[in-house]
Each structure stands twice: as C-alpha cells, then as structure tokens.
Visitor: 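Okay, handing you the structure first.
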Amino acid sequence: MFLLSDSSSIIAKTERGCKNLSNLDATLKNLFGFDTFREGQREIIEAVMNQQDVLAILPTGRGKTLCYHLPSLILGGLTLVISPLVSLMEDQVTQMKASGNKRVAHLSSLLNQQEKQDLMMGLGNLDLLFLSPEMASLPFVKRALVRQKITLFVIDEAHCISHWGHEFRTDYLRLNSLRSSLGNPSCLALTATATPLVEKDIRGQLKMENEVVIRYPVNRENIYIGIEEVASVQEKHALLIARINQVETPAIIYTGTRQETERIAGLLKRETNFESSFYHGGLTKEDRLLIQHQFIHDELDIICCTNAFGMGINKSNVRTVIHLHLPSSIEQYVQEIGRAGRDQSQSTALLIYQPEDHLLPLSFIENEFPDDDLLNHLSDESDFSHYSLEELRNFYQLDDNSYRMLHYYLDQENLIEEGNLQLNEQQQHVIKKLRVKFQTRKKEKILQLERIKSFVLSRTCLRRYVSHYFEEEILVLPEFCCSQCQLTETYLKEIDSINYNVRSERSIHKESDWSKELENMLITNAGGLYGK
DNA sequence: CGGTCAGCGTGTATACGCTGACCGGTGCCATACT
C-alpha cells in the first residue's frame with residue numbers, strides 16, 4: 001500500500017523514481033505495494049512520463065487511476081483531474097487518502113465559499129486536485145490555477161467531451177483554452193469507450209499534439225448480447241418478468257424515462273421475489289446515495305434506472321444488464337452493458353425492443369437544439385439592436401439546457417455583451433454558421449440513432465457488429481456470443497444448468513459440512529445416551 | 001409516438017369522457033428565495 005506520511009518523503013522518493021523509467025516497477029512497489037502493472041498501465045505511464053499527450057481507451061477495471069496517480073507523484077507539481085461527477089471525485093479522493101496520500105482534494109459545490117478559498121490558497125500543498133469542467137471555468141478558480149505549476153492535465157471519462165460537450169455541458173469545450181492558459185501541460189485523456197470518430201473529436205477538442213493513442217478492444221467476451229423484439233408494452237413487461245427469473249442477479253434494468261423506472265420497480269415488487277428499487281436524476285442526493293449504496297453492497301438484487309446510473313459505479317459482480325428502451329447510440333449501449341461482468345464471470349446483456357422505441361431518443365435529439373425559427377429569426381431580422389437574450393429565451397420558450405448551449409456558442413463568437421445580444425449586419429454570417437453547425441450535429445446524432453436501430457434489427461452476429469462499429473476485428477467468437485449466434489432461450493437454459501451445477505456443488509459442500517456437524521452431534525449424543 | 005394532465009362540458013353521477021397541449025434523459029454551478 002501507499003505508505004507516505006509527509007511531503008518530504010514523497011519528494012525524496014519521487015526524485016529517485018524520476019531518474020530512470022526502468023525504475024517504474026520499483027516505484028510501483030515502493031509507493032503502491034504492487035508487484036506488477038496491469039495490462040496497459042505501464043505503456044500509458046511511460047508515455048505520460050515522456051511528457052507526451054496521451055489518449056488511452058482502456059476497458060473498465062484496468063486501474064486507470066494509477067495511470068495518473070503514479071506520474072503525479074514522480075513528476076511533482078500539481079496534477080489537475082477533470083472529472084464529470086462530484087460523487088466520482090469524492091470516491092477517488094477518499095480512496096487515495098485511504099491508501100496513504102493525503103495531498104489530494106476535490107473542489108466542488110460540496111465546499112462552502114470559505115473552504116473553496118482556503119483550498120485555492122493551499123494548492124501548493126497538493127499532488128492532485130479533482131474538479132468539474134464547470135468549476136474549472138469559473139474565473140476565481142482559473143486565476144488560482146494559473147499561479148500554480150501544473151504538470152499534468154488529466155481528463156477522466158474523456159468520452160464526455162464528445163458525448164456531452166457539444167450540447168449538454170459546453171464547459172467541456174473550454175478545457176483546451178484552460179489548458180493553454182496553464183502553459184499547455186501534457187494531457188492524459190482516459191476513457192473506456194470511444195469510436196474512432198469520438199477519439200478524433202477528443203483529440204481535436206483538447207488540441208493534442210504528437211499524441212500517443214493507446215487503444216484496447218471494446219469486445220467483452222464474457223457478456224452474452226441478446227436482443228428480443230416484442231409488439232407492445234404489455235409484451236415487453238411480460239417478457240421482462242420471464243427473463244428476470246431466468247438470469248442471474250445483481251441486475252441493472254435501464255429504462256427511457258424516470259417514470260418508467262418507478263413503474264418497473266413496482267412491477268418487480270408485485271410479480272417477483274427480488275429486492276428492487278429505482279434510481280434516476282430526479283431523486284434527492286440522499287436517496288441516490290442510499291440506493292446506490294444498497295445495490296453495491298448486495299442489499300438490492302435489481303436496480304431500475306435511467307442512464308443517470310452507472311458512471312463510476314464500482315461493482316464487479318453485476319451479472320445482468322437489461323435495456324427496456326433504445327439507448328441513443330451504440331457507444332452508450334456498450335458503456336451500459338459494460339457495467340456487467342467486471343469480475344470476468346459469464347454475464348448477460350438483454351435488450352427488449354419494440355418498433356416505436358426509437359421515437360423517445362429521437363424526441364430528445366429534437367428538443368436539444370434551439371428552434372430553427374429562432375436562428376432564422378436572428379439571421380433574417382433587419383433590426384438587430386433591441387434583443388436581450390432573456391427576451392429571446394422567453395419568446396421561444398427555451399429550456400435551461402438549450403439556452404445555455406445557445407449562450408455558449410453566441411459567447412464564443414463574441415456576440416454577447418453584458419447579457420445582451422450584439423448583432424450587426426456584418427455578423428449575420430456567424431448566425432448562419434451556427435445554424436449549419438446545429439443542423440450538422442443534429443444529423444450526426446440522428447445517424448447514431450439510426451446505427452443502433454440497424455444494430456438491434458441486425459440479422460448478423462451482434463458482437464461482430466459492435467466491433468465493426470468501433471472499427472475493430474474479432475478473430476474468435478466466444479462460446480456464448482449473441483442472439484444471432486444462439487437463441488437467448490437456449491443460452492439461458494445452458495447457463496442455468498451450468499449455474500445450477502455450481503449452486504449444487506456449493507450446496508453439496510455446505511451439506512457435507514452440515515452432515516459432518518450433525519454426525520458429530522449425534523456421536524456426542526450417542527456417546528451420552530447409549531455409550532459403552 | 002405515447003402518456004399524462006388540465007380544462008371543459010355534461011347535466012346531476014360530485015364522476016366521467018373528451019380534447020388538446022405538453023413532456024419525455026444525462027450534471028455542474030450559482031443565486032435568489034424561503
């Protein structure tokens with residue numbers, strides 16, 4: 001384990017480690033107590049130590065944290081870790097502190113103003129600071145960071161740049177400008193899933209230079225991929241009940257809406273004996289924490305949730321992931337089924353599909369972008385002087401997300417001054433450019449939806465389909481592959497008999513212990529009663 | 001698209017059915033307000 005007690009010992013050890021990369025093994029042993037690196041870790045760490053920009057696509061469970069924790073200690077200075085969720089930052093800081101490194105902190109809304117100020121004043125005492133892209137964009141944070149020597153700029157869950165940055169959390173797109181104002185420290189972007197297109201987007205957004213891309217295949221051999229089509233919601237629910245009794249738990253059931261998570265949890269309570277609950281973004285922080293905790297500690301068999309659940313959930317024995325809706329892309333689907341079987345044991349991913357299911361994600365895409373009328377209005381209007389953004393917002397009834405996105409892009413084009421739109425005729429081309437940009441993004445998203453629709457309707461091997469989508473090739477298919485290679489019903493029977501044998505062995509084992517105990521008791525009693 | 005819900009009319013049942021509008025997923029932060 002990590003055995004440091006004060007900052008001077010860190011510096012002494014890290015300086016020794018820095019001299020020679022071949023000492024990495026010794027450093028790993030000294031600082032973390034591990035004898036060997038996991039697959040991929042050494043490669044990434046060496047590239048980081050050589051001050052190269054690195055994009056690493058590494059399956060979950062390979063120890064991504066070590067890939068920046070170790071270099072941060074050797075390189076000295078401050079390592080910034082951009083993380084998408086406060087809960088994720090908290091977990092990582094807690095784990096690092098528990099392992100012995102007290103020089104880590106997270107800067108988030110969980111701290112009050114004074115605590116934030118204190119933390120900013122004491123940045124020099126830290127090895128690692130975790131923060132969200134939104135926090136990193138705040139002026140007082142930027143000012144404090146610029147005064148520090150930042151040696152490494154890490155983006156954890158880097159697919160969020162591409163997945164969320166363009167519309168939902170645009171502060172992700174400001175990361176490059178932050179990095180550049182920090183003197184362009186070398187950059188490490190980590191994720192578990194990225195198609196070549198997403199990879200290109202991440203590299204472009206972060207303006208990586210001479211970067212090293214380290215990519216491991218997305219194919220997870222221990223997960224069977226099953227897709228079944230039904231004609232109605234009633235059939236969907238009936239099939240779910242049938243399947244949930246055939247698969248192993250713990251299980252995650254993904255649905256499309258918050259309301260549906262609650263409905264399915266109710267259905268499971270009525271129709272099965274499983275312990276289940278629901279989880280979505282509308283719950284209070286306390287409830288979310290409680291349910292997450294219960295699931296992780298095996299107090300719940302099943303969790304019914306929206307896509308709010310999953311990122312950063314560290315649970316190795318999830319046996320089944322069921323989708324009752326259509327995720328908005330194959331990447332999203334792969335991320336979500338990847339939460340099964342991290343312990344490498346055989347696991348199951350089932351998607352129950354009905355033909356109308358693409359309409360919900362389609363409506364999300366449609367609603368995400370500002371109304372075409374709004375942009376047409378802006379680009380055609382002859383009197384530009386009298387619009388405040390608030391007026392436009394109210395007139396077009398923009399929700400918070402669309403408004404923030406529009407604000408971000410207008411601001412990027414320097415069209416906003418003190419909350420008001422500053423447009424003149426010369427800038428009309430900028431509005432036209434934005435309109436094209438939104439249309440293009442929308443088309444791309446619809447195309448991604450089309451791709452997953454084709455995937456669920458595919459009549460060829462689903463595993464090959466996914467790998468092909470990520471531009472990878474599979475040479476050998478596993479025994480339990482997918483519903484195109486083997487019917488789900490057949491697979492479930494085979495798996496059940498294997499599991500049955502495992503369960504029987506366990507119970508025979510238990511029985512023998514018990515019978516021995518009983519035997520002993522009987523002998524003792526026999527001695528007492530009938531002895532001699 | 002499908003579900004849900006408010007508003008309305010019916011016309012007396014204090015509920016019911018119809019219609020049209022609207023909403024549906026993901027998180028961070030700050031600020032204003034209670």
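So you know, we letter chains A, B, ... as the sequences are listed, proteins then strands, and number each from 1. None of the values given here were measured: they were computed from a predicted structure.
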Visitor: According to a cutoff of under 5.5 Å between the ring centres and under 30° between the ring planes, does A/F168 stack with the base of B/dT26?
Guide: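 A stacking contact exists, since A/F168 sits close and nearly parallel to the base ring of B/dT26.
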Visitor: How would you label the contact of A/H358 with the nucleic acid (heavy atoms, under 4.0 Å): base, sugar-phosphate, or nothing?
Guide: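 Answer is nothing: A/H358 stays at 4.0 Å or more from every strand.
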Visitor: Scan A/N401 against the nucleic acid and name what it touches under 4.0 Å (heavy atoms): base, sugar-phosphate only, or nothing.
Guide: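 Contact class for A/N401: base.
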Visitor: Could you give the distance separating B/dG25 and B/dC5 at their P atoms, to the nearest angstrom?
Guide: 13 Å
Visitor: Given B/dG2, B/dG25, B/dG27, identify the nucleotide with an atom nearest to the side chain of A/E356.
Guide: B/dG2
Visitor: Side-chain N or O of A/Q259 versus OP1/OP2 of B/dT4: is the shortest distance under 4.0 Å?
Guide: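 A/Q259 to B/dT4 OP1/OP2: side-chain N or O found under 4.0 Å.
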Visitor: Within residues 107-123 of chain A, find the residues that approach DNA chain B with a heavy atom at under 4.0 Å, and present them sorted by residue number.
Guide: A/S108, A/S109, A/K116
Visitor: Could you please name the option among B/dC28, B/dG27, B/dG25 that lies closest to any side-chain atom of A/V86?
Guide: B/dC28
Visitor: Can a side-chain donor-acceptor contact be found between A/H106 and A/Q92 if the only test is distance below 3.5 angstrom?
Guide: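 No, no side-chain donor-acceptor contact under 3.5 Å.
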Visitor: DNA chain B in dot-bracket, Watson-Crick or G-U pairs under 3.5 Å, [ ] crossing, | other strand?
Guide: ((((((((((....))))))))))..........
Visitor: Determine the Euclidean distance between corresponding C1' atoms of B/dG11 and B/dG17; express it in Å to zero decimal places.
Guide: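 After rounding to an integer number of Å, I get 14 Å for this pair.
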Visitor: Which nucleotide, B/dA30, B/dG24, B/dG25, lies nearest any side-chain atom of A/N367?
Guide: B/dG24
Visitor: Report the relative orientation of the aromatic rings in A/Y68 and A/F130; use parallel for angles under 30°, tilted for 30 to 60°, perpendicular for over 60°.
Guide: perpendicular
Visitor: Taking the side chain as C-beta and beyond, is there a heavy-atom pair between A/F470 and A/E331 under 4.5 Å?
Guide: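 Side chain of A/F470 against side chain of A/E331, heavy atoms only: contact under 4.5 Å found.
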Visitor: Using a heavy-atom cut-off of 4.0 Å across all strands, would you classify A/L138 as base, sugar-phosphate, or nothing?
Guide: sugar-phosphate
Visitor: Hydrogens and angles aside, do A/Q332 and A/E336 bring a side-chain donor and acceptor to less than 3.5 Å of each other?
Guide: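 Yes, because at least one side-chain N or O of A/Q332 sits under 3.5 Å from a partner of the opposite role on A/E336.
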Visitor: So if I take every side-chain heavy atom of A/R404 and compare against B/dG25, B/dG27, B/dA30, which nucleotide ends up nearest?
Guide: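 Closest nucleotide among those given: B/dG27.
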Visitor: Would you classify A/P133 as touching base, sugar-phosphate or nothing, given that sugar-phosphate means primed atoms plus P, OP1 and OP2, and contacts are heavy atoms under 4.0 Å?
Guide: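 Nothing, no nucleic acid heavy atom in range.
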Visitor: State whether a side-chain donor-acceptor pair under 3.5 Å links A/R404 with A/N401.
Guide: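 A pair is found: one side chain offers a donor N or O, the other an acceptor, under 3.5 Å apart.
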Visitor: Could you tell me whether A/L85 contacts a base, only the sugar-phosphate backbone, or nothing, with contacts defined as non-hydrogen atoms closer than 4.0 Å?
Guide: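 Sugar-phosphate, no base atom in range.
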Visitor: I want to check one thing: is the phosphate of B/dT4, taken as OP1 and OP2, less than 4.0 Å away from some side-chain N or O of A/R263?
Guide: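 Answer is yes, contact under 4.0 Å.
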Visitor: Under 4.0 Å, heavy atom to any atom of DNA chain B: which of residues 303-316 of chain A qualify?
Guide: A/T306, A/N307, A/A308
Visitor: B/dC8 and B/dT14: how far apart are their C1' atoms, nearest whole angstrom?
Guide: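 Each nucleotide's C1' atom is 15 Å from the other's.
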Visitor: So, do A/F295 and A/F309 have ring centers that fall under 6.0 Å from each other?
Guide: yes
